[in-house]
Each structure stands twice: as structure tokens, then as C-alpha cells.
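Predicted model, so just to flag it, every value in this text is computed and none were measured.
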Amino acid sequence: MSNASDTAFRPALLALDEAVARMLAGIVMPVSNHAEEVSTFDALHRVLAADVRSLLDVPPADNSEMDGYALRTDDVAAAGAVLPVSQRIPAGVVGESLAPGTAARIFTGAQIPLGADAVVMQELCSVVAEGVRIDTVPQPGQSIRRRGEDVRRESTVLAAGMRLSPQALGMAASVGAAMLRVGRRPRVALFSTGDELAMPGETLKPGAIYNSNRFTLRGLIESQGGMCEDLGIVPDRLDATREALRRAAEGNDLIVTCGGMSVGEEDHMKPAVEKEGRLDLWQIAIKPGKPLAFGEVFRSDGSLAWFIGLPGNPVSSFVTFLFAVRPVLLKLQGATELAPKSIAMRADFAWPRADRRREFLRVRRNEAGGLDLFANQGSAVLTSTIWADGLVDNPGGATIAPGDVVRYLPFAELLG
């Protein structure tokens, strides 16, 4: 049983947002200052280091929204007017000026001929011996995409700091940007400590476990734009841990580890980082999670690599990565939006046990438009992250009743 003296020496829990703010403030020289140019084809999920401005109007000329007939509206005073077809204009061909009293057969995306002021879709026309019968009265501008209606010349179409989605690449291509200036991908060293860890394919000895965190964290690092140098499993020795830190610092911007941050005789990460650099060890007011370390490891030339130590339980390391490491990786690439966007959704479950810590509950959307809760919310239950499609961000001290509106964070937002 704890007593008053135990409580007095227990470290205060730090709010997650404050911890992340301290980490981001500590990164004063993001590697995004060292930008590079890449092909637009290869820029998916990279972070723009410079605005993309259009050198042309999009579309570059008035063009047809659909297959049909370009004409002068003055030539169709009433439905049923018949006009001879004077030319055929497919996409990519510039037609001749439209003679008064005629129509031009035109196809989607083709440039509107000079003189025409409307397009009538082919379903509202009938081909006759004399040409084409217009079965409706057109209005000026009908079915015409105007020059520059999507993008005006010299306008900024993509802003520096945005992470490039597939549609953003299409936007860049539409204004003729073959190359994009992007922040350099941060180099991230990853390693695990623990003599109990084994790799899949190895015989599992008594007391050993397979190293799932190595696979999860490597995937997370790469999904957030990092280039991962996997340094494997480091023996539970102080000298080996210090050597791994030195090796990791030399070629990388950031070092990520999980576990080994306690103060037991076999936990060497804390003293190793303190010997090789500087360390802040925090108790974070989140569940799952709690222990989080941030610091610096010095290189031989006096420069530094940043260090983040995550808790060892699989779900704890997964969650703390999403909310602590992810924004750091985005900042290192020059991103301007670091926090995930949440959605207000209805809870179709009860969570009657309030915790003083901020909780991240594994949930998934159901066909009724609400959220269901995974039954076992333990920090070692990795299956919950497979079943779920997102997290509920539940404030400390809050319970949830069915029908309550909660803050939902989809994995598509956190991992995309």
C-alpha cells in the first residue's frame, strides 16, 4: 500500500501536448533547411520546401465540358433549328473560326472555336441529312469550361510545408511542374535492447519473445517520411548500448528506441544516453504510454542527433510514436501541419472507468455511423490496433456513455 511519502516522491505527470511542445522547441535546426529537387513522379508524401506557382492558366483555353456541338446561340432561336456541321474538333486540335449559321462537332476537352459561345451535348441533338438538329435552346456559356477557371497564371497552387498527396501531385503536373523542391527525408536510426528479444524465424527460447516493436516502428518511421537505418537488437550491456548510440548518431538525424528506460540493473538506455549526450525522462499523462524520453546524442564532431525513447509495450510504443515521434518527423521535413485532425463521432459503447490520464481508446466505425470499442484495451494487446481503424482521444477524468460525442482520430489521418 502506498503512503503519503511515496506520493511525495512520485514524479508529476506531464501533459502530452506540453511534452511534444518541448520536443519540437528543442529541434531548432530542422533538416528541411537542406531541401532537394525530385521528380513529381517520386514526390508522394514528401513535404514541399517551396511554393508551386502556375506558369499558365488552367485550362489554358476555353474548352468543351462534353461531347456535342459548338455553336452560336444567336443561330438557335427555337428548339429544332438545323445547322450544317462545318468542322470536327477532337481534343488536342485547334479548330477554325466558326462560320455564322453552322455548328462544329466537338469532343470533351477540345478548344472552343472562335465565334462559338455554347456547346450542346450530343444527347440533346439529332443528326439529320442537312447536318444537326438542335433540340433545345442553348444559353451563352453553356457546357464551356472557361480559361483559367481552375487556376490563374502566377497563382500559388501548392504551399510550402504541405505534405504531398496523390491529388497534389496531379495539381503540380497540371501546371507543368516536372520537378518539386521538397524537404530532405530525415535519417532515423532504430534499435532495440533486450536479451529476451528474438526475430521471427528463430527458435523461441524459454523466456524469449519475438521483437514486434522493431517491425511496427520501422514501418511507422517509413510511413512518416523517414529513412530508417535498422541497427537491430543490442545486448543488455552498458558498453554495447553506448556503442550503438554513437554509431546511430553519426549517420542519422534522429534515434528512436523502445524499452529499457527504467532504472533497473538491466536497463542501460538511460545511463547510456546521459553518458553520450543529454536526456530528459518524462512521465506522460497518457494511457497507453507514460514513459517518454527525449534528448540528444553527440557526434564525434560535436554536432548532435536527437533521441526519442519510447515505452516497450507494443500498443504503448505505437501510440506514443503517433503523438510524439510523428510530429517530430514532420517538423524535420518542414511540414507546417503537425497535429492530426479529429472527427466528432458518436460513441456506441460505454467507458465508465475514468482515468486521470488522457486515454487513447482503440475503436472502429460501424455501419450505424457510430464507434465500437475493442474489448481489451491493454497496452500489450497488439491485435486491438489491427481490429481498430482509429483512436478515441478521451480527456483525463472523463467517462463515456453510449450516444456521447467523442473525438475520433482515424488511422488514415495518423498514418497517411
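Listed for the Asp404 side chain is a donor-acceptor partner under 3.5 Å among the backbone atoms of Ala401. Side chain of Ser165 to backbone of Ala168: a donor-acceptor contact under 3.5 angstrom is found. A donor-acceptor pair is defined here as one N or O able to donate and one able to accept, closer than 3.5 Å; no such pair exists between the side chain of Arg145 and the backbone of Asp62.
A heavy-atom distance below 4.5 Å is not found between the side chains of Phe41 and Leu180. Side-chain contact check for Thr320 versus Leu310: some heavy-atom pair is nearer than 4.5 Å. Counting heavy atoms from C-beta outward, Cys258 and Asn213 have side chains that approach closer than 4.5 Å. Inter-residue side-chain proximity for Ser54 and Glu154 is flagged as unmet; no heavy-atom pair is nearer than 4.5 Å. Side chains of Thr156 and Val52 form no contact here, defined as non-hydrogen atoms less than 4.5 Å apart.
Residue Glu36 forms a salt bridge (charged side-chain N to carboxylate O under 4.0 Å, His left out) with just one option from Arg185, Arg181, Arg46, and that option is Arg46.
For the atom pair CZ (Arg184) and CD (Gln333), the distance works out to 10.0 Å, reported to the nearest 0.5 Å. Residue Phe294 holds its CZ atom at 6.5 Å from CH2 of Trp282, rounded to the nearest 0.5 Å.
Around the CG atom of Leu338, the shell of radius 6.0 Å holds more than 12 heavy atoms that belong to other residues, nucleotides or ligands. By the 6.0 Å contact criterion, CD on Glu96 is open, its count of non-hydrogen atoms from other residues, nucleotides or ligands being 12 or less. When the shell of 6.0 Å around CD of Glu274 is examined, it contains more than 12 heavy atoms from other residues, nucleotides or ligands.
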Could you give me the CA-CA distance, side-chain angles and deciding distance for Ser192 and Arg214, then say whether side-chain hydrogen bond (donor to acceptor under 3.5 Å, both in side chains) is met? CA-CA 7 Å; Ser192 309; Arg214 181 177 181 180; 6.0 Å; no

Checking side-chain hydrogen bond (donor to acceptor under 3.5 Å, both in side chains) for the pair Ser126/Asp135: CA distance, chi angles, key distance, verdict? CA-CA 7 Å; Ser126 303; Asp135 298 324; 2.8 Å; yes

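Using bins of under 30°, 30° to 60° and over 60° for the plane-to-plane angle, the ring pair Phe360/Phe323 lands in the parallel bin.
For Pro352 against Thr399, the heavy-atom pair with the smallest separation is O-CG2, 3.3 Å.
Remark: Arg105 is positioned above the aromatic ring of Tyr69, its terminal NZ or CZ atom under 6.0 angstrom from the ring centre and at most 45 degrees off the axis.
Side-chain contact check for Gln377 and Trp351: no donor-acceptor pair (N or O, by modelled atom type) lies under 3.5 Å.
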